[in-house]
Amino acid sequence: MKVVFVFFILWVVPFVLTSVITALVKRYALKAKLIDIPNERSAHKTPTPRGGGVGFVVVTILYLLGLGVWLLTTPEESDPPPYTFFAFAIAGSLTALIGWLDDKFSVSQIKRLVVQFVSALIALAPFFLSSTGWGWPIFIVSSVFIVGFINFYNFMDGIDGIAGVEALTAGITLAGVAAASGVLYAQIVFLVLTAAAAGFLLFNWPPAKIFMGDVGSGFLGLVFALFTLL
């Protein structure tokens, strides 16, 4: 019974929530003309709504916040401490927000990079400020790696299904690695992210009805880079 409950909370709920939110975002994108128009560099040929990543972004951030609150209520100390997940949620929200603004209004590259670096620094701050021994060199190099990965993952969007499938397969793989390593918090995050990616794929599977946009691809790049480092 416990296994069924855990499966429902960590897989069914995020899958359903993401599916519902993505459907709503698709309707909004069509009304607001938030459309990815193909050009000479595009891999798709049909004008397609974008911004569908909002669904799995919202769901994953809610679970990150819930994980932090849950750890706050436990009597024993946790590793990492609860505030780490609040930092992750803030960093993810900033990355997703600048991506959403870029999807809607086309933000300059400099502004995007500044916000991405701030997000990376916020996400890594708990480890720099703790007693883990992270010095400035590791802190800066790790931030550059995260920002690079955010922009690398952004290149994957715009092809039917590819960014969603990568999120699904990477999430499953990293959840397995976390389980084998006994890192429960990472296992929880990746199970949720995998379920949310599957919910998004219902609309992104070829022929794609919506793309995740920068709001989704940037967020995934941050999460995968961050947890890979940790």
Side-chain angles (χ1 to χ4, degrees), residues 1-22 24 53-97 100 115 118-134 138-139 142-143 146 167-168 170-200 215-216 218-230:
M1 193 67 178
K2 184 178 179 180
V3 173
V4 174
F5 178 74
V6 170
F7 176 76
F8 180 80
I9 294 298
L10 299 185
W11 224 96
V12 176
V13 171
F15 174 84
V16 172
L17 283 177
T18 302
S19 301
V20 171
I21 296 173
T22 305
L24 294 174
V54 168
F56 59 74
V57 167
V58 169
V59 170
T60 305
I61 287 175
L62 286 175
Y63 271 83
L64 284 171
L65 292 173
L67 192 55
V69 171
W70 174 55
L71 292 175
L72 278 175
T73 61
T74 56
E76 58 275 345
E77 290 187 6
S78 62
D79 184 24
Y83 61 79
T84 303
F85 299 98
F86 299 131
F88 290 176
I90 293 171
S93 298
L94 284 175
T95 303
L97 177 60
W100 174 254
V115 174
V118 170
S119 300
L121 294 175
I122 290 173
L124 293 172
F127 302 93
F128 178 74
L129 298 173
S130 69
S131 57
T132 56
W134 283 39
I138 296 177
F139 191 52
S142 297
S143 301
I146 290 174
L168 186 66
I172 291 172
T173 302
L174 290 170
V177 171
S181 305
V183 186
L184 179 61
Y185 71 86
Q187 187 180 357
I188 291 172
V189 171
F190 285 123
L191 283 174
V192 169
L193 190 58
T194 299
F200 168 74
V215 61
F219 177 80
L220 288 176
L222 172 76
V223 172
F224 286 133
L226 179 61
F227 279 89
T228 298
L229 281 172
L230 299 182

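Only a predicted model underlies this, so the values are computations on that prediction, with no experimental measurement involved.
Between A120 and I146, the shortest heavy-atom contact is CB-CG2, 3.9 Å. When all heavy atoms are compared, the tightest approach of L71 to T74 is O-OG1, 2.6 Å. The two residues I61 and G92 have their closest heavy-atom pair at CD1-C, 4.1 Å. Summarising the geometry of A178 relative to Q187, their closest heavy-atom pair is CB-N, 3.5 Å, with the distance given to 0.1 Å. The shortest heavy-atom contact between T95 and L222 is OG1-CD2, 3.7 Å. The minimum heavy-atom distance between L220 and A167, with the atom names listed, is CD1-CB, 3.8 Å.
If you run side-chain contact (heavy atoms from CB on, under 4.5 Å) between V192 and each of V13, T18, L10, only L10 comes through. Results of the side-chain contact (heavy atoms from CB on, under 4.5 Å) test with T194 over V189, L168, L174 single out L168 as the only residue that passes.
Atom CH2 of W11 sits in a crowded spot, with more than 12 heavy atoms from other residues, nucleotides or ligands closer than 6.0 Å.
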Practice problem: Report the C-alpha distance between Y63 and L193 in whole Å, list the side-chain angles of each, state the deciding distance to 0.1 Å, and finish with yes or no for side chain to side chain contact (heavy atoms under 4.5 Å, CB included). | Solution: CA-CA 9 Å; Y63 271 83; L193 190 58; over 6 Å; no
Exercise. Assess whether ring pair (Phe, Tyr, Trp, His ring centres under 6.0 Å) is satisfied between F85 and F88, documenting all intermediate values.
Key: CA-CA 5 Å; F85 299 98; F88 290 176; 5.8 Å; yes
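With values rounded to the nearest 0.5 angstrom, W100 atom CH2 is found 14.5 Å from S93 atom OG. Taken to the nearest 0.5 Å, the CG atom of L226 stands 9.5 Å off from the OG1 atom of T84. One finds the CG atom of L67 at 12.5 Å from the CG atom of L62 (value rounded to the nearest 0.5 Å). Taken to the nearest 0.5 Å, the CD1 atom of I188 stands 4.0 Å off from the CG atom of L184. In this structure, CD1 in I138 is found 12.5 Å from CZ in F127, a value given to the nearest 0.5 Å. F56 contributes atom CZ, which lies 8.0 Å from atom OG1 of T22 (distance to the nearest 0.5 angstrom).
Between F227 and F190, the ring planes are perpendicular. Angles over 60° get that label, and only those under 30° would be called parallel.
Ring centroid separation for the pair Y83 and F86 does not come in under the 6.0 Å cut-off.
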